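Note sheet for the following structure.
Note that the structure is predicted; figures quoted are calculated from it, not measured.
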Amino acid sequence: LKQQGIGPGSIVGIMVERSREMIVSLMAVLETGAAYLPLDPDTPRERLRFILKDSTAPLVLVQESLRTALADFPVETVLVDTQDSYVESYPPVPGQQTSSAGTEKDAGNEAAYVIYTSGTTGQPKGVVVEQRNLLNLVEGIKRLGYIPSGDNSVSPVTVSLVSPLVFDASVKQIFPTLLTGNTLAVVPEETRFDGYELAEFHARHHVTVADGTPLHLRLLLEFPRKISAAAGFSVRTFVIGGEELEPGIAARLFDAVGRE
């Protein structure tokens, strides 16, 4: 990315399936000081074309299997699933700082990410969130206490990433978890709306903090035996938002999980 001139002030698109490469991609963009722009490959082509043009993103990180979604678009692409895109180290780029932090004066004022609205009332609009806003979120969640701060006084946790990257709820799951030295478990797309598989995923990866919507709770409650301690279900904290949580759903969850 740095060799291609990406740095503070740049915007880089990310069109990657839910995977390790998705997280690596957004961290690589932020390392350069640029902002990431999450892109959904299922977005209608005209909307996608508008977003790329409106954002002025010169480059998109993409998987080979999704590259056709960008066919005929005037944007450079870099494949994240080929070895050629990864090297052990780059030599310093002439005229460019080796650190992505920028100057002390600009620290925190650069954009961290850009997310576009749904556009249901007109054209989609890009919402820019700065690095300082992101750090404020991380600090706020650390103070809530459900994600340890990484000082070794509390055992680390595993947080499940349920939200799509194109929704900023994903930010609340990704950065507070990784920046405090905890573990992020990326829920596969085919698992997100399958209650049985979602419960299996949480048990298999020893997830202790789950972040989602009341819909995800209802999906899990379709298989109450799978979310018991006896089944290996170890979630201790649910962080729920996005829509109203009915008291009855919460009560059923407590009964199934077996904790007060």
Side-chain angles (χ1 to χ4, degrees), residues 1-16 21-41 43 46-63 66-67 69-70 72-80 84-119 122-140 163-176 178-179:
L1 290 174
K2 291 180 179 179
Q3 286 288 333
Q4 299 213 27
I6 298 300
S10 303
I11 296 175
V12 177
I14 296 178
M15 184 181 286
V16 180
E21 288 76 16
M22 181 181 77
I23 302 300
V24 170
S25 296
L26 68 87
M27 290 299 182
V29 173
L30 292 174
E31 170 62 21
T32 69
Y36 72 89
L37 168 68
L39 300 169
D40 184 346
T43 299
E46 287 309 308
R47 172 182 163 87
L48 187 58
R49 188 185 301 275
F50 172 83
I51 290 174
L52 288 171
K53 180 180 179 181
D54 185 68
S55 67
T56 68
L59 183 147
V60 176
L61 299 177
V62 64
Q63 287 170 311
L66 302 177
R67 203 173 191 176
L70 298 170
D72 303 324
F73 284 14
V75 64
E76 295 291 327
T77 58
V78 171
L79 297 178
V80 300
D84 291 343
S85 297
Y86 298 84
V87 295
E88 292 185 5
S89 63
Y90 272 123
V93 178
Q96 191 177 71
Q97 289 181 312
T98 57
S99 170
S100 61
T103 65
E104 183 177 348
K105 178 181 178 181
D106 295 331
N109 293 327
E110 294 289 352
Y113 64 92
V114 182
I115 287 183
Y116 274 74
T117 62
S118 63
Q123 289 283 23
K125 294 180 176 61
V127 179
V128 179
V129 177
E130 296 180 345
Q131 295 168 1
R132 58 181 175 175
N133 305 135
L134 183 56
L135 291 174
N136 282 341
L137 172 67
V138 172
E139 287 300 315
S163 176
L165 198 61
V166 294
F167 293 142
D168 60 3
S170 63
V171 174
K172 181 163 56 73
Q173 296 161 312
I174 295 170
F175 295 101
L178 297 181
L179 293 181

Q.
Are the side chains of Tyr36 and Ser25 in contact, using a 4.5 Å heavy-atom criterion?
A. no
Q) Can you check side chain to side chain contact (heavy atoms under 4.5 Å, CB included) on Ile115 and Val129, steps first, answer last? A) CA-CA 8 Å; Ile115 287 183; Val129 177; over 6 Å; no
Q.
Show the nearest heavy-atom pair for residues Val114 and Gly126, with the distance to one decimal.
A. CG1-CA, 4.1 Å
Q: Identify the heavy atoms of Pro8 and Glu110 that sit nearest to each other, and give their distance.
A: CB-OE2, 3.6 Å
(Q) Would you compute the distance between atom CE of Met22 and atom OG of Ser170 and round it to the nearest 0.5 angstrom? (A) 7.5 Å
Q: Could you walk me through whether Asp168 and Val127 pass the side chain to side chain contact (heavy atoms under 4.5 Å, CB included) test, one step at a time?
A: CA-CA 10 Å; Asp168 60 3; Val127 179; over 6 Å; no
(Q) Applying side-chain contact (heavy atoms from CB on, under 4.5 Å), can you list everything that pairs with Thr43, at least two apart in sequence or on another chain? (A) Asp40, Arg47, Leu48
Q. Less than 4.5 Å apart, any side-chain heavy atom of Val80 and any of Val62?
A. no
Q: State, yes or no, whether a side-chain contact exists between Val171 and Ser163 at a heavy-atom distance under 4.5 Å.
A: no
Q. Closest approach of Ala69 and Pro41, non-hydrogen atoms and distance?
A. CB-O, 4.2 Å
Q.
For the CG atom of Asn109 and the CD atom of Glu130, what is their distance to the nearest 0.5 Å?
A. 5.5 Å
Q | Tyr113 side chain vs Leu134 backbone, donor-acceptor pair below 3.5 Å | A | no
Q) Can you name the closest pair of heavy atoms from Pro176 and Val138 and give their distance? A) N-CG2, 4.0 Å
Q | Distance in Å, Gln131 CD paired with Leu30 CG, rounded so as to fall on 0.5 Å steps | A | 7.0 Å
Q: For Ala35 and Ala111, work out which heavy atoms get closest and say how close.
A: CB-O, 3.5 Å
Q: Please round to the nearest 0.5 Å and tell me the distance separating atom CE of Met15 and atom CG of Leu61.
A: 11.0 Å
Q) What's the spacing between Arg132 CZ and Glu139 CD if we round to 0.5 Å? A) 15.5 Å
Q: Evaluate the criterion side chain to side chain contact (heavy atoms under 4.5 Å, CB included) for residue pair Val16 and Leu66; output intermediate values, then yes/no.
A: CA-CA 8 Å; Val16 180; Leu66 302 177; 5.6 Å; no
(Q) Using side-chain heavy atoms (C-beta onward) and a distance below 4.5 Å, is Leu52 in contact with Leu39? (A) yes
Q) Sub-3.5 Å donor-acceptor pair from the side chain of Thr32 to the main-chain atoms of Lys2, do we have one? A) no
Q) With a 4.5 Å heavy-atom cut-off, do Val29 and Leu37 have their side chains touching? A) no
Q) Does some side-chain heavy atom of Met27 sit less than 4.5 Å from a side-chain heavy atom of Phe175? A) yes
Q | Shortest non-hydrogen contact between Leu59 and Gln4, atoms and distance | A | CD1-OE1, 3.4 Å
Q: Calculate, to the nearest 0.5 Å, the distance between atoms CG and CD belonging to Leu70 and Glu76 respectively.
A: 11.5 Å
